[in-house]
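Comments concern the structure below.
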Amino acid sequence: MRTVAVVGASLAGLSAARSLRKQGYDGRLVVIGDELHRPYDRPPLSKEFLAGTLGEADLSLETDDEDLRAEWLLGARAAGLDRTERAVRLADGREVRADGIVIATGAVARTLPGSEGLAGVHTLRTLDDARALRDELAGGGRLVVIGGGFIGAEVASTAYALGLDVTVVEAAPTPLAGPLGARMGDVVSALHVDHGVRLLCGVGVKGLSGERRVDAVLLEDGRSIPGDIVVVGVGARPCVEWLEGSGVELDNGVKCGADGRTSLAGVVAVGDCANWYDPRAGAHRRVEHWTGARERPDAAIATLLAGGAVEPGVPRPPYFWSDQYGVKIQFAGHAAAADSVTIEAGAADDRDVLAVYRRAGVPVAVLGMNQPRLFTRWRKQLAATSS
């Protein structure tokens, strides 16, 4: 291959570029990113950066002496993929022709219909999002977080520490029931109540009120929750619209094999936009976690450089972590695969717990709250069992 284009300049794209050089590729490397920023770390955006304890320079994912010998096209949005010409078309009219293509365009935060143009309403996905929200939180006031997932919970925790009055609204009966299961989702989400943050579950949002600036969140049960600032944390959708009609199969993102290969030869996908096949589950899964964006590009690049002539390995069980109200939360595996959950150490009421999820007696997932050492041992055992 003389030219490889990496479309996406966040962690997954940077990891793919690094992997290309690490695996011996010495040709032309073009990295395309729709943001103007160099690659930066996203997890701190809802925590340390939002709290003002971490600066922008600390978010950089590149080392001072790193040289990938890459051409960086930043502020350039991908608008299409021409499979005949092997070219990535950019929104500004330029084209990048490449023998190999890595799709790493990530995901974008979902918004609340009708909130466009209303001041005080935020999503949190990018550095620019975090800058804007941080400036608003610094003024204090009443914050309403729509969505009790991890982003919403982390924002609520950070805002609480900054002294804001915080309410979290979650449409599901139990926050985090999807990734953690209902039982442990209830344990983790109780951190809000422990710290005096209002948690309203089982009720949807009808809309927002306010003329130029939001002043309340309107619930479907008729209640109105006053708010000076609203954060919408209702998930993300993969950025794959630009691939429509390209021949790349799309299904909840870019549909991939267990090694990241797509339906087009010479094209692989990684990161939040990639719906990889999981041999353990016998199904495709799109994993929106930092660890997957860091680790999986190695396998995808090996596949790309070998032209698909390598046997895919079994990806490690997905892993993610969160910090809320001073509690370190770690999770690995798939809760949905479990038929039982047992507390192996600590006590749920103390938010100091190690829980193991099993199916037919075999561990399939593990959750730790302030149990980093024990969690690490269980995570290794889980990976060994799953391989």
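Worth saying up front: this structure is predicted, and the values here are computed from it rather than measured.
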Scan side-chain atoms only and decide if Glu35 and Tyr40 contain a donor-acceptor pair under the 3.5 Å cut-off. yes
Do the numbers put Arg296 on top of the ring of Trp276, so that NZ or CZ is under 6.0 Å from the six-membered ring centre and no more than 45° off the axis? yes
Given 3.5 Å as the limit, does a donor-acceptor pair link the side chain of Arg142 with the main chain of Pro226, or not? no
Is the cationic atom of Arg38 (NZ for Lys, CZ for Arg) positioned less than 6.0 Å from the six-membered ring centroid of Trp72 and within 45 degrees of its normal? yes
Whether the side chain of Thr105 engages the backbone of Cys239 through a donor-acceptor N/O pair (distance < 3.5 Å, no angle test) should be reported. yes
Is there a donor-acceptor contact under 3.5 Å from the side chain of Ser60 to the main chain of Ala57? no
Could you note down all residue pairs passing salt bridge (Lys or Arg N to Asp or Glu O under 4.0 Å) where residues 161-187 supplies at least one of them, sequence neighbours left out? Asp165-Arg198
Would you say CZ of Arg2 has more than 12 non-hydrogen atoms from neighbouring residues, nucleotides or ligands within 6.0 angstrom? no
For Asp92, what residues pass the salt bridge (charged side-chain N to carboxylate O under 4.0 Å, His left out) criterion, not counting sequence neighbours? Arg94
Flag for Glu344-Thr342: side-chain donor and acceptor within less than 3.5 Å: yes
Asp272/Arg125 ion pair, N-O < 4.0 Å: yes
Please answer whether the main-chain N or O of Leu127 pairs with a side-chain N or O of His37 as donor and acceptor at a distance below 3.5 Å. no
For atom NZ of Lys328, decide whether the heavy atoms of other residues, nucleotides or ligands shown that lie under 6.0 angstrom number more than 12. yes
Asp26/Arg21 ion pair, N-O < 4.0 Å: no
Does Ser10 reach the main-chain N or O of Pro39 with its side chain, forming a donor-acceptor pair under 3.5 Å? no
Side-chain H-bond candidate by donor/acceptor type, Asp128 with Thr126, under 3.5 Å: no
In chain order, what residues pass the salt bridge (charged side-chain N to carboxylate O under 4.0 Å, His left out) check against Asp349, with sequence neighbours excluded? none
More than 12 heavy atoms of other residues, nucleotides or ligands under 6.0 Å from CD of Glu211: yes or no? no
I'd like to know if Lys206 pairs up with Glu220 as an ion pair, taking the criterion as any Lys NZ or Arg NE/NH1/NH2 lying under 4.0 Å from an Asp or Glu carboxylate oxygen. no
Nearest 0.5 angstrom please: Thr53 OG1 to Leu50 CG, how far? 9.5 Å
Given the rule in the side-chain hydrogen bond (donor to acceptor under 3.5 Å, both in side chains) test, do Ser46 and Glu154 qualify, once you have shown the distances and angles that lead to the verdict? CA-CA 6 Å; Ser46 56; Glu154 289 171 0; 2.5 Å; yes
